[in-house]
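Remarks on the structure that follows.
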Amino acid sequence: MQNLETANSRKLQRSSTRILLGSVAAGALTLVFALSSWSMSADKPERMLNYLSERLSLSSEQHQSAEVLFNENSAQLSADLERMHALRKELMAQRSNFDAGEAKRLADELGELTTRRAYQMASSQAALYEMLTAEQKAEMDALVDARQKRHASGRYHHRWRAAE
């Protein structure tokens, strides 16, 4: 009787572990989807540059400096974005044949790419901010605040996406 209880306990523990890992993977995917949409066209620097040039009234010198800044990391950001999409696809495929070790490896790689992408974007944004005048910084702060409010309210539709 005790052996049967022990066997059932182990089965329940394995099932619980699988459910927990599946839930963690689903939560990680949700977080990654949210973070990946965080950047404003980081994979399309010319569109971001044109938007900011117009909204912040960048001088030609500022525009050129920002263009260099945005193009520096563009190739790496695009490659990372492609790999992130592939990893998400592989993680989604895990739902039909879950392998905890493979799911963890995929999630870890996705986390590393997300971290690198977030750091590069923050670094670029800080460098851009340093180029701005006090008035432009105030306008940039207002743009960021408005964007955060849209995200907080669940309204994530952007005007510049309609042109795609």
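Along the sequence shown, the residues carry numbers beginning at 1.
- Closest non-hydrogen pair, Arg105 versus Glu102, comes out as NH2-OE2, 2.8 Å.
- Of the inter-residue distances, the one linking Tyr129 atom OH with Met131 atom CE reads 14.0 Å to the nearest 0.5 angstrom.
- The shortest side-chain heavy-atom distance between Arg55 and Met140 does not fall under the 4.5 Å cut-off.
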Exercise. Checking side-chain hydrogen bond (donor to acceptor under 3.5 Å, both in side chains) for the pair Asn50/Glu46: CA distance, chi angles, key distance, verdict?
Worked result: CA-CA 6 Å; Asn50 291 336; Glu46 68 281 349; over 6 Å; no

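- Side-chain N or O atoms of Arg117 include one that pairs as donor or acceptor with a backbone N or O of Leu77 at under 3.5 Å.
- The shortest heavy-atom contact between Gln94 and Ala103 is OE1-CB, 4.1 Å.
- Here the shortest heavy-atom pairing between Gln136 and Leu56 reads NE2-O, 3.0 Å.
- In this structure, the separation between CG on Leu87 and CE on Met92 is 13.5 Å, given to the nearest 0.5 Å.
- A salt bridge between Glu90 and Arg83 is present, with a side-chain N of the basic residue lying under 4.0 Å from a carboxylate O of the acidic one.
- Within the 4.5 Å cutoff, side-chain heavy atoms of Leu132 are placed close to those of Leu58.
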For this session: Run the numbers on Arg116 and Glu112 for salt bridge (Lys or Arg N to Asp or Glu O under 4.0 Å), then give the verdict.
Result: CA-CA 6 Å; Arg116 180 171 60 209; Glu112 288 171 17; over 6 Å; no

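- Remark: side-chain polar atoms of Gln62 are paired, donor with acceptor, to backbone N or O of Ser59 under 3.5 angstrom.
- The CG atom of Leu143 lies 7.5 Å from the CG atom of Leu52; values are rounded to the nearest 0.5 Å.
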Problem set entry | Candidate pair Asp141 and Lys137, rule salt bridge (Lys or Arg N to Asp or Glu O under 4.0 Å), full reasoning | CA-CA 6 Å; Asp141 292 342; Lys137 286 179 181 180; over 6 Å; no

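- Contact of the Arg88 side chain with the Leu106 side chain is not registered, since no non-hydrogen atoms from C-beta on lie closer than 4.5 Å.
- Rounded to the nearest 0.5 Å, atoms NE2 (His63) and OG (Ser53) are 4.5 Å apart.
- With hydrogens and angles ignored, the 3.5 Å screen pairs no side-chain donor or acceptor of Ser124 with any backbone N or O of Met121.
- At a threshold of 4.0 Å, the pair Asp145-Lys149 does not count as salt-bridged, since none of the basic side-chain nitrogens sits closer than that to a carboxylate oxygen.
- Side chain of Ser123 to backbone of Tyr119: no donor-acceptor contact under 3.5 angstrom is found.
- Here CG of Leu113 is found 8.5 Å from OG1 of Thr115. Values are rounded to the nearest 0.5 Å.
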